[in-house]
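Read through the structure below, which is laid out as structure tokens, and then see the notes.
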Protein chains: 2
Amino acid sequence: MDQIDLKILSLMHENARIPMSEMSRTIAMSQPAVTERLRKLEEQGIITAYRAQLSPQKLGKHTTAFVLFRTSNCKDFVAFSEACPEIVDLYRISGEYNFLMKVLTETTESLGSFLDKCSPLGFSTTLIVLSTAFEDKSLVPSHEAE
Amino acid sequence: MDQIDLKILSLMHENARIPMSEMSRTIAMSQPAVTERLRKLEEQGIITAYRAQLSPQKLGKHTTAFVLFRTSNCKDFVAFSEACPEIVDLYRISGEYNFLMKVLTETTESLGSFLDKCSPLGFSTTLIVLSTAFEDKSLVPSHEAE
DNA sequence: GTTGAAAAAACAGAGGA
DNA sequence: TCCTCTGTTTTTTCAAC
């Protein structure tokens with residue numbers, strides 16, 4: 001893991017669909033060498049996936065919320081959450097609550113319906129997202145990767 | 001926006017580096033037609049980015065936390081957060097706190113240092129992530145896209 | 001890690017349902 | 001309008017070094 005690997009990670013975080021030929025030009029290294037480094041980064045589990053980022057708004061999801069949840073049956077709660085399309089992220093946390101989840105719904109009204117659906121499993125506190133200042137900041141600052 | 005577009009979004013969320021030729025085979029449509037649909041999905045802002053997902057653990061970030069923050073100077077706080085490498089996501093929220101942020105640090109100790117660094121700007125409550133049940137669930141359920 | 005040739009994929013234009 | 005077909009260019013893969 002050297003500066004070149006960090007540069008590859010940085011570029012792949014910016015645009016995962018960049019052609020390897022273009023990447024090799026940018027970092028001034030032959031294309032097969034870059035491809036081989038990328039393969040190793042995947043193999044080592046440093047790169048876990050390549051994902052298209054979708055706009056929730058454009059897909060009709062106009063409400064984002066974080067919901068803190070307290071339940072006594074963690075296993076059932078995780079199973080329920082996996083089957084719940086509204087829940088996009090689920091974290092087990094320390095403190096008064098067991099779980100923190102990120103929830104996307106069409107409207108505040110459908111968020112209400114979702115919370116009703118959850119209520120048999122425990123009790124919750126909802127934090128409505130007013131705006132997203134930023135998301136997915138790179139773990140590999142570009143100035144470190146030069 | 002029809003079933004084919006949803007299938008494209010679903011496949012791109014699973015693997016953003018899938019070759020267009022393979023995608024066109026999967027959905028049984030010619031490659032230029034799929035490319036054109038993808039171009040339009042990007043143009044409409046439905047696809048906002050393609051990102052490599054990196055493993056925080058493999059990059060030495062062993063501690064994940066959500067920090068609720070209350071500050072009276074939102075503008076300065078956002079500027080501070082943008083410059084803070086530990087903060088990967090920042091949301092403005094309703095309720096007792098102004099902000100919710102996702103924070104990645106090397107250890108619980110460096111999380112402590114980070115919180116010390118933030119303390120002049122307001123007051124906070126920290127939720128330590130014990131484990132991530134799941135993250136980035138698709139906004140386009142695959143069964144809807146068939 | 002580099003080079004260079006073969007295979008594959010992406011792109012761009014013409015034409016059809 | 002949206003798709004398919006086809007030829008051209010670009011990219012990827014894989015050999016040898």
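Here is the naming used below: chain letters follow the sequence lines, and residue numbers restart at 1 for every chain.
Taking the side chain as every heavy atom from C-beta outward, Phe99(A) and Arg92(A) approach each other to under 4.5 Å.
Residue Arg25(B) is in sugar-phosphate contact alone, with no base atom involved, counting any heavy-atom pair closer than 4.0 Å across all strands shown.
A close approach under 4.0 Å does not occur between any side-chain nitrogen or oxygen of Arg37(B) and OP1 or OP2 of dC2(D).
Tested against Tyr97(B), the residues Tyr91(B), Phe123(B), Phe77(B), Phe69(B) include a single ring pair (Phe, Tyr, Trp, His ring centres under 6.0 Å) partner, Phe123(B). For the side-chain contact (heavy atoms from CB on, under 4.5 Å) test with Val67(B), the passing option among Leu90(B), Leu100(B), Thr125(B), Leu115(B) is Leu115(B); the others fail.
Between Glu36(B) atom CD and dC3(D) atom P the separation is 9 Å, expressed in whole Å. We find that CE of Met23(A) is positioned 13 Å from C1' of dT11(D), with the value rounded to whole Å. Taking atom CG of residue Asp5(B) and atom C1' of nucleotide dT1(D), one finds them 14 Å apart after rounding to whole Å. Spacing between atom CD1 of Ile4(A) and atom C1' of dG1(C) amounts to 10 Å, rounded to whole angstrom units.
The shortest heavy-atom contact between His13(B) and Lys137(B) is CE1-C, 4.0 Å.
Using modelled atom types and a 3.5 Å distance limit, the side chains of Thr107(B) and Ser110(B) yield a donor-acceptor pair. Side-chain N/O atoms of Gln31(B) and Thr35(B) include a donor and acceptor closer than 3.5 Å.
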Kindly give the atom pairs (protein nitrogen or oxygen, nucleotide nitrogen or oxygen) under 3.5 Å for nucleotides 10-14 of chain C.
from    : atom 1 : to       : atom 2 : distance (Å)
dA10(C) : OP1    : Met20(B) : N      : 2.8
dA10(C) : OP2    : Met20(B) : N      : 3.1
dA10(C) : OP2    : Ser21(B) : N      : 2.6
dA10(C) : OP2    : Ser21(B) : OG     : 3.4

